[in-house]
Each structure stands twice: as C-alpha cells, then as structure tokens.
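Notes follow the structure.
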Amino acid sequence: MESRRELPGLLIDAAPDAIIVSGSDGVITIANRRAHDMFGYPPGRLAGVHVDDLVPEDARPRHPAQRADYLGSEHPPLRRLPLRGLRRDGSIFPVEVSLSGVTTGTGETYVTAVLRDDTTQRQAAVNRALLASVVQSSHDAIVTIDLRNRVLSWNPGAELLYGFKADEMIGASIDEIIPPDRRADEEQIRELVRMGGRVDRYRSVRLTASGTPVAVAMLISPLLDENGVLVGTTSAARDISERERTEARVQAILDAAPDALLGVAESGHVVLVNAKAERLFGHLRHDLIHMGVDRLLPDGLPPVSAVLNTGGDPTPPDAERAQDGEQRWAKRRAIRSDGAELPVDIAVSALHTDTGVITVAAVRDITDRLAAEAERRRLRQEADRQKLEARMQQAQRLESLGQLAGGIAHDFNNLLAVILNYAAFIIEDAAGSPPAADAEQIARAARRGSDLTHQLLAFARREVIRPRPLDLNAVVTEVHQMLERSLGEHIDLTVRTTAGLPAVMADPGQLEQVLVNLAVNARDAMPTGGRLTIDTAEVRVDDEYPGVRAELSPGRYLRLRISDTGTGMPKEVIDKAFEPFFTTKPSGQGTGLGLATVYGIITQAGGTVQIYSEPGIGTTFTILLPVTDVQAQEVATEEADSRLVGHGATVLVVEDEEALREVTSRILRRGGYTVLAANGGEEALRLAAENHVDVLLTDVIMPGMLGKDLADTVTTRYPRTKVLFMSGYAQPVLTNHGTLAVDVHLLEKPFTSAELLRALHDELQAKP
C-alpha cells in the first residue's frame with residue numbers, strides 16, 4: 001500500500017516537462033526533478049519558494065494580479081502561454097506554461113503549472129525565418145523542384161534573373177527555362193544528385209521569359225523533408241554573363257600586353273597565358289595551358305612563399321626584390337617550341353584567387369635590348385677612347401711645350417741673372433744719377449722676364465717645389481685678406497671653408513699663386529662687377545666620380561672651388577685654356593700663362609683642375625688635391641739679417657757661363673768672401689784639392705760633369721765642405737718628381753746679390 005502512495009510522486013518526477021503545484025498564496029508545494037533542473041535549484045529546494053521568485057523582476061508587479069484573476073475565475077485550463085522564467089543564477093529564459101486549477105473539498109485551491117523550455121523551438125523558428133529571409137533576399141536565383149521536375153519555390157532572385165513571376169512558375173516544369181538541347185544533360189545532373197552524387201558548381205545556360213539565353217553558374221543540391229526523405233532538388237543559379245564579358249575584356253587586355261604573361265599554379269602548371277606568350281614560346285594557347293612551366297623557363301620560378309616574402313624560401317641571389325610580393329629576375333632563359341633559347345627578363349608577383357595563389361610571370365624578350373646595350377657599350381667605349389686620345393694628345397702637346405720651356409730656362413735664367421746683377425751694380429754705384437734710373441728699368445725688365453720663366457716652368461711642372469703638410473683653409477683665409485684689398489669694391493668676394501679638413505702636401509707659395517691667378521682672371525671676366533666665391537670641402541673620388549680625369553687615382557681629396565659670375569667661356573676656349581701663351585685678352589693685357597701656371601702647379605701636386613663654364617653665366621674652376629695623413633705644420637718666418645758678410649770664408653764658384661760666373665764672383669767678393677772660380681767639374685776638383693773650401697757653390701746643369709756629381713765627389717773627399725746648388729732648371733737632376741730633397745739646398749736663378757748672400761750665410765750657419 002505504501003509503495004502505491006509513492007507512485008504519483010515517482011510519476012511526476014519522471015515527467016519530461018517541469019511540473020510545479022502551488023497554493024492560492026503562490027507558495028510551491030510540489031515541484032518535480034525537471035522543474036528543479038530548469039530553474040537551477042537543488043533537489044527538494046523549490047518547495048516553499050513563492051512562484052513570483054521564478055519570474056523576472058520586471059514582470060513581478062503584474063504577476064499577483066494575473067494570479068488573482070485566474071483564481072477568481074472558473075480556473076479554465078490555459079495552454080502554451082509564452083512567458084519568461086528566472087533561474088536561480090539570475091539568467092532569464094523563454095518558457096511555455098500550461099495552467100490548470102483545482103479546488104479541494106475543503107475549499108483550498110491549487111494550481112498545477114506544466115512548463116516547457118521554449119529556447120530550442122524558438123531558435124529553430126528563428127533559423128527557419130532567417131533561412132527564408134536569406135533565400136528571399138539572395139541575388140542568386142534559388143529554385144526548388146520536386147521529383148517530377150515541378151517548381152516548388154521561386155525566390156525574387158529567380159524572378160529577377162529569368163523574368164518569370166513566382167505564381168507563373170510554381171507548379172510549372174523546370175524545363176520552361178532550360179534550352180531544349182541542354183534538357184537531357186540537366187536531367188542527368190539532377191538524377192546524379194538524387195542518387196547522392198556530388199556536383200560542383202558548373203556553367204550552364206538558361207532561358208529568360210523573353211527567350212534570351214543567359215549564362216549561369218549552377219549549384220544543385222538534394223531537397224530533403226523533415227524526416228530526411230528526398231523530395232526533390234534545390235538549384236542556385238548566378239548570372240555570369242557580365243563576368244564572362246569582363247573576362248573576355250581582361251583577356252583582350254592581357255593579349256594586348258607587350259610582355260608574355262604566364263599564370264602558374266602552385267603545382268607548377270600554366271593556367272593563364274596571353275597572345276604574346278603564344279608568339280614568344282611558339283606554342284598554341286591550348287598547348288600552353290596545363291604545361292609545366294619548367295618546359296618554358298628552365299631556370300624555374302621561385303616558390304610562392306618566396307614571392308610572398310613569407311619566409312622559408314630566400315630570394316634567389318640573382319633576383320631583385322622590387323617591393324613586397326614582387327621579384328625581378330634579369331637575363332634568364334626561355335625555351336621556344338623549336339628548342340631555341342631566348343634571353344628574357346622576368347617580373348614575378350603573386351595573385352590570390354579562390355583556388356589558391358597563382359604566380360604571375362611577365363616575361364620580356366630582351367634580345368634586341370641586349371644588342372642595343374652592346375652597341376651602346378661599343379659607342380661609349382669608342383667615345384671614351386676618342387676622349388682619352390684627345391687627352392693624351394693634349395698632354396703630349398703640353399709636355400712638348402714643357403720640354404721647350406725647360407730647355408730654354410737654363411740659358412735664359414743665366415742671362416737674366418747677369419743682366420739683373422750688373423744692373424744692380426750700376427744702381428748701387430751710380431745712385432741718384434740718370435744711369436741708375438736706366439739701370440732700374442733694366443732690372444725691372446729682367447725681373448719680369450724671371451717671372452715669366454718661373455711661370456713657364458710651373459706650367460711645365462719643372463719648377464722646383466718645396467711642399468709641406470698644409471692647411472688649405474689657412475692658405476685660403478690668408479689670400480682672402482689680400483684679395484679683399486686688391487679686387488675692388490665692384491667684386492663681391494665670398495669665402496666658405498669646411499672646418500676640420502685634413503692636410504694636403506703642397507707648396508704654400510704656389511697655392512697662393514693659383515688662387516691669385518684665378519681671382520685675377522675672374523675679376524677681368526667681371527668688368528662691371530659680379531660675385532666671386534671660393535669654397536673648400538673634402539670629397540671621396542671613385543670610378544663613378546663625375547668629371548674625374550683618367551690619371552686621377554681613387555681616394556680622399558680636398559676640393560678647392562673658385563666660381564665667378566663673369567662672361568664665361570665657350571667650349572673652344574675651354575679646350576685651349578691651359579695652353580701657354582693662349583689668351584683671349586687684348587694684346588698687351590695678358591701673357592697667356594696664368595691658367596697654364598695653375599695647371600702645372602696643381603698637376604705637379606698630384607691633383608687635377610677642371611673647368612665648367614657657360615657663356616654669359618660664369619665659370620667654375622674645381623681643383624682636387626690628394627689628402628695626406630701628415631698633420632699640417634706652421635712655418636716660422638725669419639727676421640731679415642743685414643749682417644751677411646762672409647768674413648773671409650772661401651767659396652768655390654763653379655759655373656760654365658762665364659758672364660754669370662764673373663758677376664757671381666764679384667758679388668761674393670764685395671760681400672767679404674774669398675772666391676775661387678771654375679768653369680766646370682774638372683777644374684773645380686783641382687781647385688778643391690789645392691785649397692781649403694768652405695762652401696761649394698755649383699751650377700746644376702753643366703757640360704762634362706753635372707753639379708750633383710761634382711758635389712758628391714767633393715763631399716766624399718772633403719766631408720766638412722758645404723754645398724749650395726744654383727740653377728734655373730734643376731729638374732730632373734736634383735728633384736724627385738719635382739720635389740726637392742730636405743738635405744739639398746738650392747738657389748734658383750736668376751738671383752739678386754741679396755738672395756745670394758742670404759743663401760750662403762744660411763748655408764754656413766747650418767749645422768753639419
């Protein structure tokens with residue numbers, strides 16, 4: 001009997017729906033297991049809970065009135081009322097409730113609520129509505145048909161594509177929109193789908209209401225009822241007419257491209273070609289499609305990962321990455337259908353498609369370009385050869401002029417020395433008389449002749465120089481101060497020097513002469529005024545440095561640039577500007593040796609000088625001097641010493657020119673020296689053997705025995721004898737590339753009596 005009394009409770013607990021029994025006061029008296037699970041309460045904990053606690057807070061104010069209305073009525077059963085429930089954790093969920101009330105014999109009323117969670121059903125309804133909405137809003141034509149090929153549904157996309165309204169087509173045969181010649185094929189495809197086969201999207205043709213064929217991409221799938229039974233098929237069609245027209249236009253554009261285009265799939269097979277590719281490789285288009293790219297490009301293409309720059313595959317060493325996703329390969333090989341090889345350039349990039357990544361290669365035949373490049377190289381080499389020959393001819397011409405200048409310098413300087421010193425004797429002995437004034441004019445002309453000779457030797461790079469590590473900025477600054485006073489107010493002089501420049505090895509006097517010569521030329525080119533700019537900087541010269549002469553070695557150089565805004569020079573003047581005696585100035589206003597001197601000084605220092613000029617715009621001289629690692633030095637200036645008497649010291653004068661020998665001896669005797677004179681090396685050795693000699697004063701260039709050989713012999717025999725050379729042309733006897741050795745003392749001709757006495761005094765005072 002007891003087990004029978006427990007049976008109703010067991011049955012309620014086993015019910016699939018939640019069951020809750022509450023009294024008229026709303027307090028729960030009975031709740032089954034499903035109710036506890038639904039509301040999230042532990043077993044047995046719902047009894048005693050008020051039903052309002054199972055309702056969301058926003059609905060509770062209305063709930064007592066609704067419950068009172070129900071209890072005050074005849075308690076009719078209420079079916080499937082949509083409500084919201086509140087779980088113990090605070091979450092809210094949709095629920096359907098059915099109510100029934102009963103009044104006991106004692107007058108108590110109880111309400112039984114059967115609740116069902118409506119979430120699944122509502123979601124299913126939402127999904128069905130969403131699917132229907134998708135079908136209705138789809139631009140694709142979505143049509144369902146039954147097993148007899150009768151139309152079951154026809155969405156707006158189908159109306160738009162085919163031109164038939166839904167009420168026209170539902171119930172009609174699908175063959176209405178299929179061309180007669182395609183109906184059998186379409187029926188086979190539908191039958192294959194009904195049998196469970198898979199059909200990928202394919203191209204087909206459909207008819208519109210006007211009978212116009214339209215190209216479509218079709219996708220067919222089986223149509224199943226709620227029990228999974230096949231009841232027909234669903235087709236989705238998309239108009240691809242415009243796409244096909246676009247593809248045709250794209251193909252036309254590709255075919256018009258000047259380069260051969262190949263699209264290569266990840267498998268290495270060609271999937272895209274253009275007309276140029278057909279002509280380049282000699283294959284028809286249908287033969288190229290699906291051909292392995294290695295048959296066309298034996299050197300291959302990079303992997304997709306290399307083209308995309310995704311790592312794992314390095315860029316080939318002969319490929320140039322133009323930008324992300326692109327590589328350029330130069331001078332590769334292509335194979336034609338007849339086996340011939342062609343040189344090609346290839347640009348490779350990646351194209352993302354629905355079926356994967358395609359490597360697109362633009363292949364260009366460079367046969368003609370290589371031939372043109374070879375011709376350009378030949379012409380460039382020919383032009384370079386002609387320029388080199390022109391430079392060599394100019395160098396040979398200048399060298400010949402230099403040899404001529406050096407050849408006459410010796411004898412000419414001897415004559416000038418005689419003229420200059422005898423004129424000095426007359427000036428000294430006949431001071432204040434008319435002959436003295438005449439002698440002064442003779443001396444002035446001799447000094448001018450001496451200056452011309454030095455300029456010739458400087459141009460010919462045969463003048464003796466005394467280079468030292470030099471601060472170029474210091475030289476420019478010193479000359480700047482002098483030029484500001486001499487150029488005139490109508491010339492605006494600007495000097496810009498770069499701080500921290502290294503030193504150059506040069507003769508400071510010669511660099512000053514270069515700056516003065518160029519500044520004077522610039523002044524003459526700006527008779528009405530203008531701007532002269534001098535600037536310094538360091539440059540690095542390499543094979544690509546613009547305008548570098550062939551003989552200039554790569555390395556570090558200091559650049560000295562002198563620019564003016566004068567009249568400029570035409571090309572024919574520039575070509576001859578450095579030649580001696582060439583001048584565009586009126587007769588009597590220029591010697592034609594200014595630029596020749598600049599050329600000789602700079603080239604002798606290991607540098608180069610270049611001219612850029614435009615008529616009416618101005619001229620720029622750019623001088624490059626090689627840098628030296630030796631630190632620049634300051635040279636201390638010596639105060640003049642008037643006490644240059646010889647005090648009886650014996651000087652052996654060796655000079656083959658009799659007049660010069662006599663005037664030199666006379667100067668020395670007047671200066672308090674004991675003089676021995678010889679006309680050559682043999683006589684000098686005899687005199688040295690017979691007499692004590694303090695200083696050997698010898699000419700450098702003499703017949704029979706050169707002055708250097710004589711000096712070596714004398715100093716070997718008589719080590720205490722000092723040596724002073726004199727010469728108007730010392731190269732190449734005493735110098736190494738025009739540079740005088742430190743231990744060699746030279747008095748350059750023509751010299752004055754003061755210069756001779758100073759040189760001898762310094763020689764005697766020098767420590768051995």
Side-chain angles (χ1 to χ4, degrees), residues 127-226 228-255 263 271-272 285-286 289-290 353-356 358:
N127 291 342
R128 286 193 296 271
L130 179 61
L131 179 60
S133 176
V134 169
V135 170
Q136 289 299 107
S137 62
S138 175
H139 294 292
D140 291 343
I142 300 176
V143 178
T144 60
I145 60 175
D146 61 16
L147 297 178
R148 296 181 301 161
N149 296 334
R150 298 291 175 181
V151 176
L152 297 176
S153 67
W154 187 270
N155 77 333
E159 292 183 344
L160 183 63
L161 176 61
Y162 300 123
F164 292 101
K165 296 297 183 181
D167 55 3
E168 296 180 74
M169 290 302 299
I170 292 177
S173 172
I174 194 64
D175 287 343
E176 290 288 335
I177 61 170
I178 300 177
D181 59 338
R182 289 182 175 267
R183 290 172 183 170
D185 295 336
E186 292 292 329
E187 178 59 31
Q188 289 183 2
I189 293 173
R190 289 193 294 269
E191 187 62 30
L192 177 62
V193 172
R194 292 166 186 159
M195 295 173 61
R198 170 184 169 85
V199 176
D200 293 329
R201 187 177 292 273
Y202 65 96
R203 181 191 181 281
S204 187
V205 177
R206 292 294 184 264
L207 297 175
T208 65
S210 63
T212 304
V214 57
V216 293
M218 296 293 302
L219 184 64
I220 296 182
S221 58
L223 177 64
L224 306 177
D225 65 8
E226 59 185 5
V229 177
L230 180 72
V231 295
T233 58
T234 300
S235 65
R238 180 173 299 173
D239 185 358
I240 59 172
S241 300
E242 182 59 31
R243 190 184 77 182
E244 289 189 345
R245 286 191 291 270
T246 300
E247 289 176 351
R249 288 195 293 268
V250 170
Q251 187 63 51
I253 293 172
L254 294 178
D255 288 343
V271 295
L272 178 148
R285 184 167 307 194
H286 67 270
I289 296 294
H290 304 306
T353 68
D354 295 339
T355 59
I358 294 178

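All values reported here derive from a predicted model rather than from experimental measurement.
In this structure, Ile358 and Leu272 have side chains that are not in contact, with every pair of non-hydrogen atoms separated by 4.5 Å or more. Between Arg285 and Asp255, some side-chain heavy-atom pair lies under the 4.5 Å cut-off. A 4.5 Å side-chain heavy-atom check between Val231 and Asp146 finds every atom pair outside the cut-off.
Summarising the geometry, atom CZ belonging to Arg201 is positioned 9.0 Å from atom CE belonging to Met218; distances are rounded to the nearest 0.5 Å. Taking CZ from Arg182 and CG from Asp175, the interatomic distance works out to 14.0 Å, rounded to the nearest 0.5 Å. Leu219 contributes atom CG, which lies 10.0 Å from atom OG1 of Thr234 (distance to the nearest 0.5 angstrom). The distance from atom NE2 of His139 to atom CG of Leu161, rounded to the nearest 0.5 Å, is 12.5 Å. Atom CD1 of residue Ile178 and atom CZ of residue Arg206 lie 4.5 Å apart, to the nearest 0.5 angstrom. Interatomic distance, CD1 of Ile189 versus OG of Ser235, reported as 11.0 Å (0.5 Å rounding).
With Leu152 as reference, Leu223 is the one residue of Leu223, Ile170, Ile145 to meet the side chain to side chain contact (heavy atoms under 4.5 Å, CB included) rule.
Taking all atoms of both residues into account, the shortest heavy-atom contact from Asp181 to Asp185 is O-OD2, 4.5 Å. Across all their heavy atoms, Glu176 and Met169 have their closest contact at CB-CE, 4.0 Å. Heavy atoms only, all atoms of each residue included: Val193 and Ser221 are closest at CG1-C, 3.7 Å. Counting all heavy atoms, side chain and backbone alike, Ser204 lies closest to Glu186 at OG-OE2, 2.9 Å. Nearest heavy-atom pair across Ala209 and Gly163 is CB-O, 3.6 Å. Nearest heavy atom pair, residue Ala215 against residue Asp239, reads O-OD1, 3.3 Å.
Using the six-membered ring where Trp is involved, Tyr162 and Trp154 have ring planes that are tilted, between 30° and 60° apart.
Between the side chain of Arg194 and the main chain of Leu230, no donor-acceptor pair closer than 3.5 Å is present. Under a 3.5 Å cut-off, the side chain of Asn155 and the backbone N or O of Asp140 do form a donor-acceptor pair.
Around the CZ atom of Arg148, the shell of radius 6.0 Å holds no more than 12 heavy atoms that belong to other residues, nucleotides or ligands. At most 12 non-hydrogen atoms from other residues, nucleotides or ligands lie less than 6.0 angstrom from CZ of Arg238.
Using a cut-off of 4.0 Å between Lys/Arg side-chain N and Asp/Glu carboxylate O, Arg190 and Glu187 are scored as salt-bridged.
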